[in-house]
Enquirer: 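Please find one structure pasted underneath; my questions will follow.
Counting from 1, the numbers follow the sequence of the chain as shown. When a ligand or atom number is given, it counts from 1 through the structure's own listing order.
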Amino acid sequence: MLVISFLAICPRSAVSATPTVAEARAFMDKAEAELLQLSSRAQRAAWVEENFITGDTEAIAAQENERAIARTTELVGEARRFEDLSMPADLAREFKLLKLSLTMPAPTDARLRSELTRIASSLEASYGSGKYCPGPSETKCLGIDDLDVRMAQGRDPKELEKLWTGWHKVGAPMRNRYARFVELSNQGARELGFPDTGAMWRSNYDMTPEEFSADLERLWQQVKPLYLELHTYVRRRLIEKYGAAAKRADGMIPADLLGNMWAQEWGNIYDIVAPESAPATYDLTKILTDRHTGPRQMVEFGENFFTSLGFSKLPDTFWQRSLLARPRDRDVVCHASAWDIDYDEDVRLKLCLHTTADDFTTVHHELGHDYYFLAFRKLPFLFRGSANDGFHEAIGDTIALSITPEYLKKIGLIEQAPPASADIPLLLRSALDKIAFLPFGLLIDKWRWEVFSGQVKPADYNKAWWALREEYQGVAPPVDRSEADFDPGAKYHIPDNTPYARYFLARIYQFQFYRALCQSAGYSGPLHRCSFYESKEAGAKLKSMLELGMSKPWPVAMRTLTGQDKADATPLIEYYRPLLAWLKQQNEEQKAGWSIPRDPLNAQP
Ligand code: X8Z
Ligand code: ZN
């Protein structure tokens with residue numbers, strides 16, 4: 001009654017049929033203030049949970065996440081009344097981003113939503129507390145950070161197989177929860193107007209989901225020849241080293257022999273595949289170890305790079321609040337991550353650093369996130385993100401491409417830069433990480449998109465996973481797998497629900513960014529020898545892109561830095577051009593590629 005009489009007296013109320021731009025602005029300002037509060041609370045709770053995994057912290061993190069998701073979903077509903085309103089581009093973009101802001105859309109039914117957020121927290125906790133206990137000869141159980149080091153340094157195929165199998169057991173108990181997670185999140189996505197959660201993720205690239213898939217395929221075709229050459233070369237060298245343990249009739253490589261639990265980056269087996277007559281280069285792991293470089297100093301190396309470009313030092317709170325090493329007394333999620341707790345200056349890192357070349361790179365990667373956070377923190381809340389998620393992942397890697405011998409000499413880590421004849425060995429070592437990663441970066445979300453769309457059913461989760469790993473990477477599981485296993489669960493980003501296409505994009509973008517920054521620094525030699533360390537011009541250019549946050553469609557940000565407005569693998573190919581020629585020579589006598597067993601999902605009886 002009251003409402004009716006109110007409407008009768010005041011027909012042009014705040015809920016009038018034809019809203020104005022001013023109303024839309026006011027709605028958005030209020031929504032952003034609320035979302036900032038809720039997101040920050042959820043971040044804080046997640047931080048505590050991941051630093052201290054217990055049933056209680058898991059429950060608290062789930063509740064806070066649920067509150068933030070619930071309110072976001074409501075706001076998307078309330079925003080519908082502005083749908084037909086013509087508004088300034090910036091404001092329209094905020095409305096669009098609001099609708100796309102959830103990585104884990106959830107049902108509006110409170111019971112189902114709470115079930116989903118609890119499952120999400122429990123999956124993350126299962127991964128974080130996962131361990132492999134080798135048994136009688138060793139009393140200590142190994143977390144994934146310890147296993148990373150063992151997989152990197154292990155050279156006994158039997159031992160590697162044990163570590164691989166041991167860790168992959170972490171997945172099986174997640175399977176049912178994951179299937180339910182998919183169902184519930186899809187329901188949330190549908191309620192928001194998307195066909196499923198994967199389609200919603202693909203809608204966040206300023207183009208249609210179909211255009212986005214096609215763009216990924218275009219990029220993959222650009223770089224695939226390079227991957228095939230690398231695969232062919234590495235396979236031969238592994239067979240020379242391990243004999244029968246590395247040789248398979250189908251031409252695939254056993255996934256446990258590549259120096260990494262997921263065979264996603266192969267730099268750790270450089271010693272096995274190094275060119276026979278390579279001049280001695282340097283071993284960064286050994287250099288850092290000999291200098292007793294601790295976690296804090298590792299991070300300081302990264303910070304120093306950013307300040308050399310003209311960025312500020314990290315805030316004191318960064319050092320007080322970050323977690324840089326695995327604590328002895330409790331379970332934590334060790335997978336490296338960067339945090340933006342209050343969406344302002346309270347940026348942090350959480351990682352379990354070991355003194356290795358891998359972790360040296362990871363530090364730069366993670367600091368790229370934190371410097372991005374700091375650069376866009378003054379923007380309206382919904383613009384406090386990267387141009388697209390691939391940009392976020394590419395910044396620190398772009399910096400790390402500048403870790404050249406000349407740079408290491410400059411900062412005193414090596415005395416003498418290796419001779420020019422070391423270029424191929426150095427490029428090979430880099431390609432083992434960067435090029436080997438490409439098919440992996442692509443297939444993770446191919447699997448997830450098939451899972452979310454229902455094309456792959458829970459009964460086929462593992463089969464579909466291995467079908468993609470075989471097809472794209474040409475790697476095979478070291479032991480038979482079945483649907484009693486759930487190997488996707490052994491890769492952090494699946495239980496954590498972090499979209500993965502971003503890392504594929506980042507591998508391409510980082511060479512575009514790097515080439516552009518090298519040009520700004522006035523560099524004109526072979527691309528792979530450039531370091532833009534200490535270039536204030538490069539720093540200013542980078543900053544101008546970071547400060548845009550998510551306020552413009554990503555091609556605008558790309559153009560600001562590179563002058564290009566498309567993803568393009570040409571700079572990556574330019575970087576590795578000398579290596580490609582060398583690999584082709586090495587592979588002259590070799591048969592490239594591998595054969596895939598009949599499509600296991602469509603196998604005829
Ligand atoms: O997850 C990460 C970062 C945190 S955003 C450590 N990366 C991917 C992975 O480890 O699988 C960086 C490279 C790919
Ligand atoms: Zn990252």
Side-chain angles (χ1 to χ4, degrees), residues 46-47 50 103 124 127-128 130 143-145 147-149 151-152 167 255 258-268 295 298-299 302 322-324 326 332-340 347-354 356-373 385-401 430-448 465 469 472-473 475 487-511 513 546:
W47 173 266
E50 293 193 26
T103 308
E124 165 119 41
Y127 185 94
I144 188 59
D145 55 319
L147 288 166
D148 279 345
V149 177
M151 290 300 289
W167 172 251
L258 289 156
N260 174 280
M261 186 60 82
W262 308 275
Q264 66 181 63
E265 282 158 329
W266 307 346
N268 291 319
M298 300 262 281
V299 180
S322 291
L323 179 88
L324 303 182
R326 182 189 270 280
V332 301
V333 177
C334 267
H335 188 88
S337 54
W339 296 68
D340 191 9
V347 297
R348 307 178 191 176
L349 294 188
K350 182 171 63 59
L351 19 71
C352 303
L353 286 174
H354 291 252
T356 62
D358 264 5
D359 278 359
F360 194 71
T361 312
T362 300
V363 159
H364 290 77
H365 174 95
E366 295 304 329
L367 286 180
H369 290 308
D370 275 354
Y371 276 100
Y372 217 149
F373 294 144
S386 52
N388 70 36
D389 54 5
F391 279 60
H392 229 314
E393 299 304 336
I395 302 307
D397 286 7
T398 304
I399 302 290
L401 283 173
S430 154
L432 289 168
D433 282 336
K434 302 282 182 188
I435 303 297
F437 180 79
L438 291 162
F440 186 81
L442 193 62
L443 74 87
I444 301 290
D445 276 356
K446 282 203 177 270
W447 179 81
R448 233 173 342 197
W465 174 260
R469 297 204 58 189
Y472 283 91
Q473 285 184 286
V475 303
D487 294 326
K491 176 66 196 160
Y492 170 75
H493 303 71
I494 303 297
D496 184 60
N497 196 41
T498 304
Y500 210 83
R502 60 182 63 183
Y503 300 107
F504 175 80
L505 291 174
R507 287 290 145 129
I508 310 282
Y509 293 164
Q510 62 190 256
F511 289 91
F513 298 169
L546 300 185

Enquirer: Using a plain distance cutoff, I'd like to know if T362 has any nitrogen or oxygen under 3.5 Å from a nitrogen or oxygen of ligand 1.
Expert: no
Enquirer: Over all heavy atoms of both residues, which pair between S322 and W47 is shortest? Give the atoms and the distance, please.
Expert: CA-CH2, 4.2 Å
Enquirer: Counting each atom of ligand 1 from 1 as listed, which ones have a heavy atom of H335 under 4.0 Å away?
Expert: 1 (O), 2 (C), 3 (C), 4 (C), 6 (C), 10 (O)
Enquirer: Give the atom numbers and elements of ligand 1 that come within less than 4.0 Å of a heavy atom of Q264.
Expert: 9 (C), 10 (O), 11 (O)
Enquirer: Is it true that F391 and F513 have ring centroids separated by less than 6.0 Å?
Expert: yes
Enquirer: What atoms in ligand 1 come closer than 4.0 Å to a heavy atom of H369?
Expert: 5 (S)
Enquirer: What atoms in ligand 1 come closer than 4.0 Å to a heavy atom of K491?
Expert: 9 (C), 10 (O), 11 (O)
Enquirer: So do I399 and L367 actually touch side chain to side chain, heavy atoms under 4.5 Å?
Expert: no
Enquirer: Looking only at protein heavy atoms, which one is nearest to atom 3 (C) of ligand 1, and what is the separation?
Expert: E366 OE2, 3.4 Å
Enquirer: Is the distance from the Zn ion (ligand 2) to the nearest N/O/S atom of H392 under 2.8 Å?
Expert: no
Enquirer: I need the atoms of ligand 1 closer than 4.0 Å to a non-hydrogen atom of E393, numbered in the order shown.
Expert: 5 (S)
Enquirer: List the closest protein heavy-atom neighbour of atom 7 (N) of ligand 1: residue, atom name, distance to the nearest 0.1 Å.
Expert: Y503 CE2, 3.5 Å
Enquirer: Determine the minimum heavy-atom distance between D433 and G267, stating which atoms define it.
Expert: OD1-N, 2.9 Å
Enquirer: With F511 as reference, evaluate D397, L401, T398 under the side-chain contact (heavy atoms from CB on, under 4.5 Å) test and give the passing residue.
Expert: L401
Enquirer: Heavy atoms only: give me the nearest V332-C352 pair and the separation to one decimal.
Expert: CG2-SG, 4.1 Å
Enquirer: Could you tell me if the side chain of V333 sits less than 4.5 Å from the side chain of Y492, heavy atoms only?
Expert: yes
Enquirer: Going by heavy atoms, is H392 under 4.0 Å from ligand 1?
Expert: no
Enquirer: Does ligand 1 have any atom sitting under 4.0 Å from a heavy atom of R507?
Expert: yes
Enquirer: Please could you name the atoms of ligand 1 that A336 approaches to less than 4.0 Å, counting only its heavy atoms?
Expert: 4 (C), 6 (C)
Enquirer: Among the N, O or S atoms that E393 has, which is closest to the Zn ion (ligand 2)?
Expert: OE1
Enquirer: Checking side-chain contact (heavy atoms from CB on, under 4.5 Å) for the pair F440/Y503: CA distance, chi angles, key distance, verdict?
Expert: CA-CA 9 Å; F440 186 81; Y503 300 107; over 6 Å; no
Enquirer: Side chains of R502 and H392: closer than 4.5 Å at any heavy-atom pair?
Expert: no
Enquirer: Minimum heavy-atom separation for R448 to D445, with atom names?
Expert: NH2-OD1, 2.8 Å
Enquirer: Does ligand 1 have an atom under 4.0 Å from some heavy atom of Y500?
Expert: yes
Enquirer: Got an N/O contact under 3.5 Å between E265 and ligand 1?
Expert: no
